[in-house]
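All remarks here apply to the structure that follows.
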Amino acid sequence: MAKLKNLFKKTNYISIGHSTPEREEPKAPAVPEGMWVKCPHCGELLYKEDVRENFYVCPKCQGYFRIKTKTRIRMIADAGSFEPWFEDLEEKNPLQYPGYEEKLEELREKTHLKEAVTIGKCKIEGEEAVLGVCDARFLMASMGYVVGEKITRAVERATKLRLPVILFCCSGGARMQEGIVSLMQMAKTSAALKRHSDAGLLYIPVLTDPTTGGVTASFAMLGDVILAEPGALIGFAGPRVIEQTTGEKLPEGFQRAEFLLEKGMIDGIVKRSELRHTLSTLIQFHKRDYRSIAFEKESGKDRRTETKKDLEKPEISAWEHVEISRSATRPTSLDYIDQIFTDFVELHGDRAYRDDGAVVGGIAMLDGQPVTVIGQQKGKSTKENLVRSFGMVSPEGYRKALRLMKQAEKFERPVICFVDTPGAACGIGAEERGQGEAIARNLAEMAGLKVPVLSILIGEGGSGGALALAVANEVWMMENATYSILSPEGFASILWKDGKRAKEASEVMKITAKDLKELGIVEQVIEEREPADQENLPKIAEEMKRSMKKFLWESAKKTGRQLEEERYERFRGM
C-alpha cells in the first residue's frame, strides 16, 4: 500500500549553487482501475483499501458510504453462517406498469440481487438471529410486494424458531410502480412484527442512510431497541417534499440520526465498527430471564452489626440530612450504575417527543443477570445540570422510564430504579405535554408489572416526581437521603406562609431514612458510615450489590402474579 501511495508523490528538486540538468518530464503512473474512490460527503479522493479497512467510513470527514448487501452481511454475520431465505419469490406488476419487469431484470443483472431486501438466518458472534439487509442500489430499496413478503415470511419463521430479528433498514419508501399493493406491505409487515413481539421476542431495526417513507412508518420504527448509523437520513416525508410543501427552509441536521436521538425517537447511534458487537450484546441481554440465573443466597444480615464506634456516631438533624442529600459531591445514579453493573447499554427517548437527560436508563448485567436500570440523574456541573434539568424529570422522561419498564416486563427482566430528584419539572412545557398524566401513568403501570421492581432513594426524593419511580416491591433508602411530600421550603410556604422556616419544617415532616423506616415506607436503610462520596462509593456500592442479589434470589421464587399482588398489598396497607 505504501509503495502505491508513493507513486503519486511529486519529486521536488532543490538547487543550491548548481543548476538542475534538463531532463525529460516523467510520465504520470497509470492508476489501476477501482483503486480509488471519491467520498460522497467531502469529495476527497481516497484509497479504496483505506476506506474498506475503515468500515467504509471516510478517514477524512467520517462520512458514511452506503454499502452493498454482501458487505453488510460480511461485517455483521459470522463467516459462512448466513443462510438466505425466500430468494425466489415471484414478482408482481399489479398496475401493469410499462417496463417494470424489464427494469427489475436489469437491476438483478447489475446488482446480483434478487430484490431490494436480502434476508436469512445467521450467527452474530455466535448468537443466532434472523438478519435482513435493504440495499439502496435496487430501486432505492423501495418496498414492493416481494420486499414486504420476504420480511413478513422471515418474521413469521423467526417467531416459530423463537429467534431475534435484526433488520438493516434503508429505503426511499413505498414502491410507486406497485401502487396500493405496496402500501399494504406496511400493514402486513407491522402485523407480523406484532405477533413476534407478543411471543416475547427481540426485534432490532438498524436505520441506515436513507430510511424514509412507508418503511419509516412501518417496520423501521417498531423495534424493541432502535439503532441508527451516524448521519443517516431518517424521516417519513423527505426533506425536499417538506420544503416544497411548507415553503420553509429546514434547519441544519434536520431528520438526521442525531436529530432523532435528541427528539427521543431512537435508542442510540452506533458506529459501524461497533455494530456487530453491540448487536450480539443486545441479543445476549434478551436471552435470559431473571429466573434462569441462580444466585447464591447471600449469608449474613442485610445491614452490618453495629460496633461501638457506630453507636457513638452523633445524631444529625433532619435539615442536615437535607443538606447532605443535596450535596454536589454526592454520587449520582450513573455513579452507582458504573460501580454495581457491567456492560451497561443506555437506551434513549420516549419515542414521541424528546430524550430527557434527567432520566438515564438501559440494560446492564448484575453478575450475569440482565436487568433494566433506570435512574434520575443530576449533573455535576452547572453546564451538565442544564442538560439534566437538575434531576427534575419532564413528562417525556417519565414516559421513557415507563417504556423501558414495559420492555423489561416483556423480556422478564427485573427493574432497578435509583431515585434522586428535588421534584418533577414544572413549567409551561411540562404542563402542555401532560406532566400529571405521565406521573399517573407510571404509578398505575408500575403497580401491575409482572417482574421484580426495586427502588433505591440515593439523594432527594421529592414528591410525586420521586414516587413515579418508586412503586416497587421493596423501597430502600440511603441513610442520608430524604423522601418527602415536597421540599421543606415548599412545605413551610404552604402551611406557614414562610419559606424561611424550612429547617423547622424538615423536623416536622419526617423525611429521614430512620423516620420512614419506622413508618413502614421503606424496607431497608443503607448505612453511610460517612456521607456518600466518590471515595467511599465502591464500598457502599458493594454492599448495595450484595443486597440486590439477595432481593433477586428471593424474587426468583415468585410468580409474576405474586410479585404484582405483593406490590399492590404493600401500598394498600399504607
| said: Are the side chains of Q369 and W553 in contact, using a 4.5 Å heavy-atom criterion? | reply: no
| note | d(Q407 CD, K410 NZ) to nearest 0.5 Å is 8.0 Å
| said: Working note: R326 + S487, criterion side-chain contact (heavy atoms from CB on, under 4.5 Å); need CA distance, chi angles, decisive distance, verdict. | reply: CA-CA 11 Å; R326 295 173 175 177; S487 69; 4.0 Å; yes
| Do the non-hydrogen side-chain atoms of M477 and I458 ever get within less than 4.5 Å of each other? | no
| Does some side-chain heavy atom of T421 sit less than 4.5 Å from a side-chain heavy atom of L469? | no
| Is there a donor in the side chain of E127 and an acceptor in the side chain of S280, or the other way round, less than 3.5 Å apart? | no
| message | Just so I know, are the side chains of K271 and L275 near enough to count as touching, which here means a heavy-atom distance under 4.5 Å? | response | no
| Considering residues, nucleotides and ligands other than K545, do more than 12 of their heavy atoms fall under 6.0 Å from its NZ? | yes
| CZ/R501: more than 12 non-hydrogen atoms of other groups inside 6.0 Å | yes
| Is there a side-chain contact between K550 and E554, using heavy atoms and a 4.5 Å cut-off? | yes
| said: Can you confirm whether F571 is buried at CZ, in the sense that more than 12 heavy atoms of other residues, nucleotides or ligands lie under 6.0 Å from that atom? | reply: yes
| query | With side chains defined as the heavy atoms from C-beta onward, is the minimum distance between F285 and T281 less than 4.5 Å? | reply | yes
| task | Please indicate whether F236 has more than 12 foreign heavy atoms, meaning atoms of other residues, nucleotides or ligands, lying under 6.0 Å from its CZ. | result | no
| remark: dist E479:CD -> K517:NZ (nearest 0.5 Å) comes out at 13.0 Å
| remark: Only residue of E460, E528, E530 satisfying salt bridge (charged side-chain N to carboxylate O under 4.0 Å, His left out) with R330 is E528
| Would you call P538 and N536 a side-chain contact if the rule is heavy atoms closer than 4.5 Å? | no
| request: Before giving the answer on side-chain hydrogen bond (donor to acceptor under 3.5 Å, both in side chains), spell out for D267 and H348 the whole-Å C-alpha distance, their side-chain angles and the decisive distance to 0.1 Å. | output: CA-CA 4 Å; D267 284 290; H348 296 266; over 6 Å; no
| For L386, does the CG atom sit with more than 12 other heavy atoms under 6.0 Å from it, leaving out its own atoms? | yes
| said: How long is the straight-line distance from OH of Y398 back to CE of M405, given to the nearest 0.5 Å? | reply: 10.0 Å
